[in-house]
Engineer: 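Here you go, one structure.
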Number of protein chains: 2
Amino acid sequence: MNSYQEKDKFYVAVDCIIFGFEDGKLKLLVFNRKINPFKDSLSLIGSFVKIGESVSDASKRILEEFTGLRNVYMKELKTYSSVDRDPGYRCISVAQYALIRIHKSIKKIVEQNEAQWFEVQELPALILDHNQMTTDALRRIEELARYRPIGFELLPEKFTIPQLQALYEAIYRRTLDPRNFRKKILSFDVIIKLDEKDKTSSKKGAFLYKFDRDKYQKLQESGYNFEI
Amino acid sequence: MNSYQEKDKFYVAVDCIIFGFEDGKLKLLVFNRKINPFKDSLSLIGSFVKIGESVSDASKRILEEFTGLRNVYMKELKTYSSVDRDPGYRCISVAQYALIRIHKSIKKIVEQNEAQWFEVQELPALILDHNQMTTDALRRIEELARYRPIGFELLPEKFTIPQLQALYEAIYRRTLDPRNFRKKILSFDVIIKLDEKDKTSSKKGAFLYKFDRDKYQKLQESGYNFEI
DNA sequence: TATAATAAATGTATTTTTTACATTTATTGT
DNA sequence: ACAATAAATGTAAAAAATACATTTATTATA
């Protein structure tokens with residue numbers, strides 16, 4: 001590192017790319033800005049990082065502020081630092097992608113914040129480089145989904161195999177064979193069949209399963225490959 | 001983002017985790033600091049990012065300054081931003097990992113900078129969180145190597161199949177069967193056999209190959225999986 | 001209460017990929 | 001001429017991926 005130059009100090013921001021899954025579609029949470037700059041424009045949720053917190057502290061702080069959620073699956077995507085990326089400040093942003101479960105409690109908070117879910121295939125224009133961040137995050141989760149079972153982060157605690165399949169089809173943007181999909185998922189031996197059925201989408205109903213986090217951890221530590 | 005608070009401005013640094021491959025070993029480039037802070041300690045190469053450049057501009061700038069190299073394979077690893085990571089400044093660092101070819105020209109510059117290559121299995125203590133960065137980068141390239149042919153970035157333009165195998169063995173930290181390795185690599189159809197042999201390591205000599213970047217690009221765009 | 005409708009659940013044969021494993025070959029130095 | 005060295009090669013067996021069609025459980029309705 002070079003000599004101390006006060007002029008070379010930056011604002012550091014975080015922006016959160018929050019994905020959910022509903023009605024068989026992958027969705028992005030977008031906020032309608034109530035304050036300037038960019039009042040009334042659409043954006044990801046973001047904040048400046050405070051001097052007394054880390055980047056991940058900041059992203060947890062605003063995620064909770066905007067959604068009420070804690071302990072969310074959130075990872076760093078990358079930094080965005082073009083000199084001209086923000087006309088207001090010289091600011092670098094560390095983008096974070098998050099995967100959350102959409103359910104009633106969160107829907108209320110989302111409404112209070114004048115936020116909306118958009119299907120990722122039909123995104124509106126967002127401020128600054130937020131569309132680019134979203135595109136980059138989508139590519140990242142598509143890649144990640146090939147060898148990590150991130151799908152479970154987007155589904156409710158209890159889910160059916162057809163729901164899980166629909167999620168993977170949305171991420172990969174192609175259809176999968178239901179027999180082969182089921183065989184593959186069950187072969188990982190990380191989902192537990194429950195005695196309940198979900199009958200919202202068929203008369204027969206589909207058995208509910210839950211993710212076995214402990215078993216997954218152990219398999220992952222032993223280098224197991226969860227490629228779907 | 002919140003309201004403008006001059007006190008929430010940060011120094012932003014880049015640190016480069018530079019890997020090379022020599023004598024069948026994966027190595028890290030480490031610098032002996034000639035100036036304070038941390039004079040005479042070992043560290044990655046790093047610099048503050050200047051207000052008029054992006055993070056990637058800064059990392060290219062210092063990589064060229066310390067090694068003379070341009071157009072190097074370099075990717076962002078992640079940011080390090082703990083409040084107490086640097087006792088001198090409130091500074092976040094964006095770590096970048098780079099893969100370079102070790103040859104004569106670079107060896108000279110490395111010596112002039114009082115830098116050294118260390119085998120990654122035998123690293124000395126580095127300043128601040130630089131050992132953590134290195135560990136994280138090693139995990140990343142191990143993961144990346146499974147589906148991207150990054151090995152070619154670390155070898156000379158012309159290389160033999162046994163050399164390529166030794167590199168993958170170093171990255172994965174296990175031995176590979178030479179027949180199966182050769183079969184797999186050739187099946188990708190992205191290396192071109194030359195009419196020359198390298199006789200430095202055997203009397204028979206091993207045929208030299210070069211990487212077919214164009215073909216690789218095309219296959220990658222069509223979603224081809226280079227898993228080794 | 002029989003029937004129609006719906007999506008869930010299931011099995012197998014074929015192809016492809018991965019793995020395991022030992023011998024021959026080209027060249028150099030003695 | 002021969003010894004030494006690492007490179008190059010092939011095949012059989014096992015495992016994984018793929019392609020594909022029928023039966024099942026349940027509800028709503030005739």
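So you know, we letter chains A, B, ... as the sequences are listed, proteins then strands, and number each from 1. The analysis underlying the following values was restricted to heavy atoms, covering all of them including side chains, and did not include hydrogens, waters or symmetry mates.
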Engineer: Scan the side chains in residues 109-122 of chain A for donor-acceptor partners under 3.5 Å anywhere in the protein, sequence neighbours excluded, and list what turns up.
Structural biologist:
unit_1, atom_1, unit_2, atom_2, d
A:Asn113, ND2, A:Phe66, O, 3.1
A:Asn113, ND2, A:Ile109, O, 2.9

Engineer: Which pairs count as side-chain hydrogen bond (donor to acceptor under 3.5 Å, both in side chains) when at least one residue sits in residues 163-174 of chain B, sequence neighbours excluded?
Structural biologist: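 Residue pairs passing side-chain hydrogen bond (donor to acceptor under 3.5 Å, both in side chains), neighbours aside: B:Glu142-B:Arg173, B:Gln163-B:Asp198, B:Gln165-B:Glu169.
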
Engineer: Output a table of nitrogen or oxygen pairs between the protein and nucleotides 11-13 of chain C separated by less than 3.5 Å.
Structural biologist:
unit_1, atom_1, unit_2, atom_2, d
C:dT12, O4, A:Lys183, NZ, 2.9

Engineer: Can you find a side-chain donor-acceptor pair between B:Tyr97 and B:Glu76 that sits under 3.5 Å?
Structural biologist: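 Absent: no donor and acceptor within the cut-off.
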
Engineer: Of all residues at least two apart in sequence or in a different chain, which pass the salt bridge (Lys or Arg N to Asp or Glu O under 4.0 Å) check with B:Lys203?
Structural biologist: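 So B:Lys203 forms no salt bridge (Lys or Arg N to Asp or Glu O under 4.0 Å) with any residue.
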
Engineer: Measure the distance from CD1 on B:Ile228 to P on C:dT18 and round it to the nearest whole Å.
Structural biologist: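 In whole Å, C:dT18 P lies 11 Å from B:Ile228 CD1.
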
Engineer: How many Å lie between CD1 on B:Ile185 and P on D:dA8, as a whole number?
Structural biologist: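 Atom CD1 in B:Ile185 sits about 14 Å away from atom P in D:dA8.
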
Engineer: According to the interplanar angle, ranging from 0 to 90°, do the rings of A:Tyr224 and A:Phe188 count as parallel (below 30°), tilted (30 to 60°) or perpendicular (above 60°)?
Structural biologist: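 A:Tyr224 and A:Phe188: perpendicular rings.
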
Engineer: Scan residues 208-220 of chain A for pairs that pass salt bridge (Lys or Arg N to Asp or Glu O under 4.0 Å), counting only residues two or more places apart or in two chains.
Structural biologist: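 Residue pairs with at least one partner in residues 208-220 of chain A: A:Glu153-A:Arg213, A:Asp189-A:Lys215.
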
Engineer: Could you give the CG-to-P distance, from A:Leu164 to C:dA7, as a whole number of Å?
Structural biologist: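 Whole-Å distance recorded here is 19 Å.
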
Engineer: Please state how far atom CG in A:Asn225 lies from atom P in C:dT18, giving the value in whole angstrom units.
Structural biologist: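 Interatomic distance, CG of A:Asn225 to P of C:dT18: 12 Å.
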
Engineer: If you look only at pairs with a residue in residues 193-212 of chain A, which of them pass as a ring pair (Phe, Tyr, Trp, His ring centres under 6.0 Å), with sequence neighbours excluded?
Structural biologist: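 Residue pairs passing ring pair (Phe, Tyr, Trp, His ring centres under 6.0 Å), neighbours aside: A:Phe152-A:Phe211, A:Phe211-A:Tyr216.
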
Engineer: Please report, rounded to the nearest Å, how far the P atom of D:dA21 is from the CZ atom of A:Arg182.
Structural biologist: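 Rounding to the nearest Å, CZ of A:Arg182 and P of D:dA21 are 19 Å apart.
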
Engineer: Strictly below 4.0 Å, heavy-atom distances to any atom of DNA chain D: list the hits from residues 144-163 of chain B, or just say none.
Structural biologist: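 B:Pro162, in order of number.
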
Engineer: Whole-Å distance between C:dT18 P and B:Phe181 CZ?
Structural biologist: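 Distance, rounded to whole Å: 14 Å.
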
Engineer: To the nearest Å, give me how far apart CZ (A:Phe188) and P (D:dA17) are.
Structural biologist: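 Value for this atom pair: 8 Å.
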
Engineer: Does a side-chain N or O of B:Lys197 approach OP1 or OP2 of C:dA26 to a distance below 4.0 Å, or not?
Structural biologist: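 It does not, given that no N or O in the side chain of B:Lys197 lies less than 4.0 Å from OP1 or OP2 of C:dA26.
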
Engineer: Can you list, in residue-number order, the parts of residues 198-207 of chain B that come under 4.0 Å of DNA chain C, counting heavy atoms only?
Structural biologist: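 Close to the strand are B:Lys199, B:Lys203, B:Lys204.
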
Engineer: List in chain and number order the residues that pass salt bridge (Lys or Arg N to Asp or Glu O under 4.0 Å) with B:Lys199, two or more places apart in sequence or in another chain; answer none if no residue qualifies.
Structural biologist: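 Checked B:Lys199 against salt bridge (Lys or Arg N to Asp or Glu O under 4.0 Å); zero matches.
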
Engineer: Who are the salt bridge (Lys or Arg N to Asp or Glu O under 4.0 Å) partners of A:Arg139, not counting sequence neighbours?
Structural biologist: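 In terms of salt bridge (Lys or Arg N to Asp or Glu O under 4.0 Å), with neighbours along the sequence ignored, A:Arg139 is linked to no residue.
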
Engineer: Would you mind writing out the side-chain donor-acceptor pairs for residues 131-138 of chain A within the sub-3.5 Å range, not counting sequence neighbours?
Structural biologist:
unit_1, atom_1, unit_2, atom_2, d
A:Asn131, OD1, A:Leu126, N, 2.7
A:Asn131, ND2, A:Pro124, O, 3.1
A:Gln132, NE2, A:Asp136, OD1, 2.9
A:Thr134, OG1, A:His130, O, 2.8
A:Thr135, OG1, A:Asn131, O, 3.0
A:Asp136, OD2, A:Tyr80, OH, 2.5

Engineer: May I have the distance from A:Leu186 (atom CG) to D:dA16 (atom P), rounded to whole angstrom?
Structural biologist: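 Atom CG in A:Leu186 sits about 15 Å away from atom P in D:dA16.
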
Engineer: By side chain to side chain contact (heavy atoms under 4.5 Å, CB included), which residues pair with A:Lys183, not counting sequence neighbours?
Structural biologist: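 Result, side chain to side chain contact (heavy atoms under 4.5 Å, CB included) vs A:Lys183: A:Asn180.
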
